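Report on the structure given below.
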Amino acid sequence: MAEGQGAQVSEAQIAVHWREEEYYHPPARFIAQANAADPTIFERFREEQFPECFKEYADLLVWDAYWHTTLDTSNPPFWKWFVGGRLNACYNCVDRHLATSRNKAAFIWVPEPESEDTKAITYQELYSRVNEFAALLRDFCRVEIGDRATFHLPMVPELPVSMLACARLGVVHSEVFGGFSGAACGDRIADSGSRILVTMDGYYRNGELIDHKAKADEAVAAARERGVVVDKVLVWRRYPGQYASKSPMIDGRDFFVDELLKDYRGTLVEPVSMPAEAPLFLMYTSGTTARPKGCQHSTGGYLAYVTGTSQYYQDIHPEDTYWCFADIGWITGHSYIVYGPLSLGTTSVMYEGVPTYPDPGRPWRIAERLGVNIFHTAPTTIRMLRKLGPDEPNKYNYHFKHMTTVGEPIEPDVWRWYYDVVGKGEAVIVDTWWQTENGGFLGSTLPALQPMKPGSCGPGVLGIYPVIYDEERNVIEAGSGRAGNICIRNPWPGIFQTIWGQPERFVQIYYERYCQDEKSTDWRDWPYMAGDGAVQAADGYFRILGRIDDVINVSGHRLGTKELESASLTVEEIAEAAAVPVMDEVRGRAVEMYVALKPGVSPSKDIEAKVAEAIEHEIGKIARPKNVWIVPDMPKTRSGKIMRRVIAGISNFADVGDVTTLANVEIVDDIRHHVQGEKVARGEVPRELSPQEMEDIKAFGHAE
Ligand code: PRX
């Protein structure tokens, strides 16, 4: 802990030097129509009303049986919400809207090629498609309640159709981001014990029809190596009737969904009434070990939480056209493309491709054409669009009332471009801080009632009571200028239930550090540790500094250093590997790998390329390192631990901190000379780091 404490002191000094940003107030037009414009809402959600305050969210749903206990804390920290209640998530997202809105678009899907037509899928059509696919899963695949089904699907309507079909049956879906590799998908299949893989032959990305089915073969092989046999691979086709992949279909294992569906035309499947605490889905995320964590989300609590936060924080009305420009392969897409908006019966836009294809005006053309009035994306996308098309939004006639940012800290300067240029000064912005584990927002402003402050997410959202603790569990007061570990003092309905198959790790990672009394069944003794550093200003607004563990946030997506390192070690010549973050103008952070070779192996460009490929193979393109540096040795402590902060400092042209504890100090100058020399030659010298970024680099590697 000594190192952590050191970081606290210096972070504290840094924090007070930050400029306080000015407030921005919501436009009167927004306030006039907002779902939450009456300040008494804060009364309803104040701590004295907890946990009953969340009845307001649960009452947005249709329950088959009402619950008897709002929150059961008898087995902490395995909280149970709405106990005794029964419902079906698919019924709530689809069936219940048919009576009033069957002909309304549930999804509007925009294919990447502009030559292809946009497709609107009405609630009625979604209902038919979900029922037919549910019938296929039940009767052809013989899945049963509680079974897991893994999807490796891109941004196509077949993804929400598959999710909702599982939800209808009480089958637990586990979608793996389409950009992840076959190997990464196979790992997640094995971890969840799925017998079914649902995939697609191909999809468009950056103008190219990518062969995706090939990854399914790798995934099935990787799962088999870990002892899990996939019986059936269901392949949706991007163009039904035509096959876009070169990978052969394996007889008896691989099936084209469009062919199978012919047998289920018009079949209806009764939605299964599930207990509120039944798992709805798994979503894998990275942590400090190489094994990804399958975050298990519940049916009732999760759906209530995403519906409530969509209503109040996304300000979704049924007549809105809402576009969350994220991938459904991440939690943001599950909660705020599919479950939240559909539960409220709105129209949710899905876009297949990359933001800048074929040019950086694309998102604004989509917004103009479809009349999008709520827009939701990540700082990475905003930075990229600003860089490549700073004036593009002005050329298009769209009007947003509301915009969201999510996934990483947003620089105040980028925030202002989002507000002035993308939002044309007409839209409120909510900066939403939360995590895969959380189901929905934790920190944000209630858009009509709380002013915005660039770079800060805002206070805890309704019913969430955050606190910042130092390493000794002292509360760090708001306005003290000191940073610490942000925790949530209370449970909430959207919190994940456990890490699939690893309940001990669930308790250890999120609760052990700040639990006051392991025997206690009072939730007050069990704060949830988010794993982020944060500072709270005197007005109660939080500024999130980033991860306190060794997770690198690339474009808003979490990559564990251990995963990157074990992928590198699959290259035969590599003896040791260390992953560090490097500041990146567009992606926020990028990955750099440092590797040391086995004795007798000489450095070569070929080995560097092999490491990059191994990472792409094991994890996916998103993790591809910006650089691979072959070094004669890693900077190590006397006990043999790699000091990541030293190489992180070098990569970022920042201070490497105290190196006196190193066993091989002399190596530092060698590495610096080599790496920084190359970077200067390539024109890769980063801009000067902000004090916050400098602290982040110094703190890197402390989680070990
Ligand atoms: O470090 C925080 C950062 O992203 C992490 C969660 O990543 P993930 O589970 O992939 O979920 C991303 C989308 C919900 C957090 O621990 N983060 C997320 N949102 C913000 C953020 N950092 C600053 N500001 C945010 N709004």
Side-chain angles (χ1 to χ4, degrees), residues 176-177 179-180 282-288 292-295 297 302 305-306 309 313-314 324-337 340 376-383 403-412 414-415 418 429-445 452-461 464 466 483 485-488 494-496 499 509-510 528-536 541-560 563 581 587-589 622-623 692-693 696 699-700 703:
V176 177
F177 169 55
F180 272 158
L282 305 180
M283 171 62 66
Y284 280 86
T285 190
S286 300
T288 47
K293 302 180 281 190
C295 298
H297 285 282
Y302 171 81
Y305 197 69
V306 297
T309 49
Y313 284 90
Q314 294 294 288
C324 173
F325 196 168
D327 197 294
I328 299 176
W330 306 109
I331 190 71
T332 301
H334 274 49
S335 300
Y336 297 112
I337 297 178
H376 184 152
T377 196
T380 288
T381 309
I382 305 169
R383 287 186 214 108
M403 302 192 299
T404 300
T405 157
V406 59
E408 332 152 55
I410 184 164
E411 300 77 2
V414 177
W415 191 100
Y418 196 34
I429 294 182
V430 290
D431 177 343
T432 57
W433 167 69
W434 60 296
Q435 314 170 295
T436 305
E437 293 87 337
N438 308 151
F441 307 145
L442 292 183
S444 183
T445 47
M452 307 157 245
K453 191 159 75 172
S456 300
C457 63
V461 301
I464 298 287
N485 294 330
I486 186 162
C487 295
I488 309 299
I495 180 81
F496 69 142
I499 302 176
I509 296 174
Y510 302 96
Y528 165 83
M529 187 176 91
D532 280 329
V535 185
Q536 190 178 26
Y541 280 35
F542 292 96
R543 193 165 180 151
I544 305 298
L545 305 177
R547 305 289 312 171
I548 55 168
D549 54 14
D550 286 348
V551 166
I552 305 178
N553 189 331
V554 178
S555 305
H557 304 310
R558 279 154 68 172
L559 300 172
E563 282 167 85
R587 290 176 287 176
R589 305 283 156 92
I622 187 174
Q692 176 191 326
E693 289 166 341
D696 239 31
F700 195 72

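Keep in mind that this is a model prediction, so the values were computed, not measured. Note that ligands are numbered from 1 as they come in the structure, with each ligand's atoms numbered from 1 the same way.
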Starting from [atom], what is the nearest protein heavy atom, named by residue and atom, and what distance separates them?
atom	answer
atom 7 (O) of ligand 1	R558 CD, 3.0 Å
atom 15 (C) of ligand 1	D532 OD2, 3.1 Å
atom 25 (C) of ligand 1	E408 O, 3.6 Å

Checking salt bridge (Lys or Arg N to Asp or Glu O under 4.0 Å) against E408, which of R383, R589, R587 comes through?
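It is R383; the other options fail the test.
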Under-4.0 Å heavy-atom contact with ligand 1, by part of C457 that carries it:
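It is neither part, as no heavy atom is under 4.0 Å.
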Side chain or backbone of T432 under 4.0 Å from ligand 1, or both, or neither, by non-hydrogen atoms?
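For T432, the contact with ligand 1 is made by the backbone alone.
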Compute the shortest N/O to N/O distance between [X] and ligand 1 and return yes if it is under 3.5 Å, no if not.
X	answer
T405	no
T332	no
T436	yes
G407	yes
H557	no

Judged by atom type as modelled, is there a donor-acceptor pair below 3.5 Å linking the side chain of [X] to the main-chain atoms of [Y]?
X	Y	result
Y418	P379	no
T436	I331	no
H297	L282	no
S286	R558	yes

Please could you name the atoms of ligand 1 that [X] approaches to less than 4.0 Å, counting only its heavy atoms?
X	answer
I544	22 (N), 23 (C)
G556	10 (O)
N553	3 (C), 4 (O)

Not counting sequence neighbours, which residues clear side chain to side chain contact (heavy atoms under 4.5 Å, CB included) with T432? List them please.
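T432: side chain to side chain contact (heavy atoms under 4.5 Å, CB included) contacts with T404, V406, V430, W434, F441, S444.
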Can you list the residues that meet the side chain to side chain contact (heavy atoms under 4.5 Å, CB included) rule with A530, with sequence neighbours excluded?
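By the side chain to side chain contact (heavy atoms under 4.5 Å, CB included) rule, A530 matches W433, Q435, I486, Y528.
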Steps toward side-chain contact (heavy atoms from CB on, under 4.5 Å) verdict (Y305, N438)
CA-CA 10 Å; Y305 197 69; N438 308 151; over 6 Å; no
Taking the minimum heavy-atom distance to atom 23 (C) of ligand 1, which of A378, S286, P409 ranks first?
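Among A378, S286, P409, the closest heavy atom to atom 23 (C) of ligand 1 comes from P409.
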Euclidean distance, N553 CG relative to D532 CG, rounded to 0.5 Å
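The CG atom of N553 is 9.0 Å from CG of D532, to the nearest 0.5 Å.
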